[in-house]
**Student:** 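Encoded as structure tokens, here's the structure I'll be asking about.
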Amino acid sequence: MASNEELFKKIIAHAKEYGFVFPSSEIYDGLSAVYDYGPFGVELKNNIKAYWWKSMVQYHENIVGLDSAIFMHPTVWKASGHVDAFNDPMIDNKDSKKRYRADVLVEDFILKIEDKIEKEVDKAANRFGDTFDEKMFRETNPRVQENLKKIEEIKQRFYPALERNDLADVKLLIEELGIVCPISGSRNWTDVRQFNLMFSTQMGSVNEDANAIYLRPETAQGIFVNFLNVQKSARMKIPFGIAQIGKAFRNEIVARQFLFRMREFEQMEMQFFVRPGEEMKWYSYWKEERMKWHLSLGMSEDKYRFHDHDKLAHYANAAADIEFEFPIGFKEIEGIHSRTDFDLGAHQEYSGKKMQYFDPELNESYVPYVVETSIGLDRTFLAVLSNSYHEEKLEDGSERVVLGIPAHLAPIKAAILPLMKKDGLPEKAKELLDTLKYDYRCFYEEKDTIGKRYRRMDALGTPFCITIDHQSLQDNTVTIRDRDSMKQERIGMDDVSGILREKIGR
Ligand code: GAP
């Protein structure tokens, strides 16, 4: 079996070969952590977007949409705290010249100790069999206890140092723990420095007094500054939400994980405005709702887990991640944050404009509290792609790579394949294509043997292949092949549309 790293490499290669994702500007050797979506990738991405939009905006009568600009007034980012606090502590290894996030180096070190503990527990479980009392073992085994103590000591020192912005102590800790550069193996580190993740550019001509502006690092602020415009124009009553899908940009220090950590990516965010004091109720509500949404994508429950934050961002009074098991391990795919009245309050202060809502039921005005759901579109794409990638050995000894993408998200719903490129079969196939193409993204292909075409459609994740053969000319029937079972069934050509509707659903 392939290791997770090998599997990840295969998925990246597959994504390129089959037109899902290409490195940006590849002919110039690419641009680090920037990617382009190919003909099948863009379909999958659009399907994920459409499903999220439908679930949030169309299915909730108290949520409306927005498409705000990427460029915003620079003071927005001062008010939001991004200018002062959207930083990562970075450190360089002088020998490999590689740059790392200092917090990631320390957290990886903690993970390694945690791994040691788990190995110790597994070993004991095997040794003692059914009589093994895991809880007691964890509480009493000296090696486990010693490692737990070590983790606690690191955390007690590390997080307060970050909080105090005591970067010298962070460096000292890295040195004391003996953390080495994974590339050079050396401990020859530079000082730790803060690195702001926002990209900036100039607006206006260079000769005139051009102003530095930022490419937005999150879509949320476009929602906050439009809060009253939306509330008034769409006549929304609290509690209500504003949803938006759009690009965000972050100059990530460590960006070596394909679509997982990109410098240009897309977010699907929803800000839910509530009465002050009711935010925890809505926070719990949205945590559950969002997990249900993930499960409705069609991937198994054990691929997901919650991670409640101990350390909260400057704007939050509660926060949790939904984590997905990517080939690189369990990692954040979505954040649910109770952002209090921090953002609206800050914009009120910096702009001098009231950001209040008059609540007719309470007969009072207030700055609403906000619960945010923020999911990465590219990470969701990666979750669907990596989860659906399977290498299968077939009964006849041959192998196939199949993407078991849930049918409702699949880039191509049906391939229309004339068995041969003659005898009127292509014409008959195009007749069928013309009846289906208004409802489903179909793909017509007449090149290669039918077996090769099936394999290609499997590799693209096409759930159904419809083959037109000589019998189709006689009795107006076709065969429909199921991607997962590879079973074929003969059905009437007039029934294809209904069958697709039934099987694809939604
Ligand atoms: N408005 C809140 C916010 O932006 P976040 O946790 O920083 O919160 C939300 O980002 C989501 O955006 C993450 O859960 C992740 O899915 C996605 N995301 C963040 N940074 C990313 C990056 N560099 N590449 C791809 N996706 C990213």
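Positions are given from 1 along the sequence. Whatever order the structure lists them in is the order used to number ligands and atoms, beginning at 1.
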**Student:** Checking ring-ring contact (aromatic ring centres under 6.0 Å, His included) between His60 and each of Trp286, Tyr285, Phe272, which is the one that passes?
**Tutor:** Trp286
**Student:** Taking only heavy atoms of Glu269, which atoms of ligand 1 are found under 4.0 Å from at least one of them?
**Tutor:** 1 (N), 2 (C), 3 (C), 4 (O)
**Student:** Would you call the rings of His309 and His307 parallel, tilted or perpendicular, where under 30° means parallel and over 60° means perpendicular?
**Tutor:** tilted
**Student:** Provide, to 0.1 Å, the distance between atom 9 (C) of ligand 1 and the closest protein heavy atom, together with that atom's residue and name.
**Tutor:** Ser374 OG, 3.0 Å
**Student:** Tell me the protein heavy atom at minimum distance from atom 19 (C) of ligand 1, and give that distance in Å.
**Tutor:** Arg250 NH1, 3.5 Å
**Student:** One thing to verify: whether Lys78 and Asp84 come together as a salt bridge, which I'm taking to mean a side-chain N less than 4.0 angstrom from a carboxylate O.
**Tutor:** yes
**Student:** Give the numbers and elements of all ligand 1 atoms closer than 4.0 Å to a heavy atom of Glu252.
**Tutor:** 20 (N), 22 (C), 23 (N)
**Student:** Does Glu266 come within less than 4.0 Å of Lys45, counting only side-chain N to carboxylate O?
**Tutor:** yes
**Student:** Got the closest protein heavy atom to atom 2 (C) of ligand 1, with its distance?
**Tutor:** Glu372 OE1, 3.1 Å
**Student:** Below the 3.5 angstrom mark, is there an N/O of Leu259, backbone or side chain, next to an N/O of ligand 1?
**Tutor:** no
**Student:** Which protein heavy atom lies closest to atom 10 (O) of ligand 1, and at what distance to 0.1 Å?
**Tutor:** Gln267 NE2, 3.4 Å
**Student:** How does Ile333 reach ligand 1, by side chain, by backbone, by both or by neither, if only non-hydrogen atoms under 4.0 Å count?
**Tutor:** backbone
**Student:** For ligand 1, which part of Arg339 has a heavy atom less than 4.0 Å away: the side chain, the backbone, both, or neither?
**Tutor:** side chain
**Student:** Run the salt-bridge test on Arg339 and Glu279 with the 4.0 Å N-O cut-off and return the result as yes or no.
**Tutor:** no
**Student:** Quick one: look up the protein heavy atom nearest atom 13 (C) of ligand 1 and list residue, atom name and how far away it is.
**Tutor:** Glu332 OE2, 3.2 Å
**Student:** So, 4.0 Å and heavy atoms of His337: is ligand 1 close enough to count as a contact?
**Tutor:** yes
**Student:** Report, in ascending order of atom number, the atoms of ligand 1 lying under 4.0 Å from any heavy atom of Glu218.
**Tutor:** 1 (N), 2 (C), 3 (C), 4 (O)
**Student:** Would Lys292 and Glu289 pass as an ion pair if we require N to O under 4.0 Å?
**Tutor:** yes
**Student:** List the closest protein heavy-atom neighbour of atom 25 (C) of ligand 1: residue, atom name, distance to the nearest 0.1 Å.
**Tutor:** Phe260 O, 3.3 Å
**Student:** Tell me: protein heavy atom nearest atom 15 (C) of ligand 1, and distance?
**Tutor:** Arg379 NH1, 3.5 Å
**Student:** Report yes if Gly376 has an N/O atom closer than 3.5 Å to an N/O atom of ligand 1; otherwise report no.
**Tutor:** yes
**Student:** Can you tell whether the side chains of Glu176 and Arg157 come within less than 4.0 Å, N to carboxylate O?
**Tutor:** yes
**Student:** Can you list the ligand 1 atoms lying under 4.0 Å from a non-hydrogen atom of Glu334?
**Tutor:** 14 (O)
**Student:** Relative to the ring of Tyr357, is the ring of Phe240 parallel (under 30°), tilted (30 to 60°) or perpendicular (over 60°)?
**Tutor:** tilted
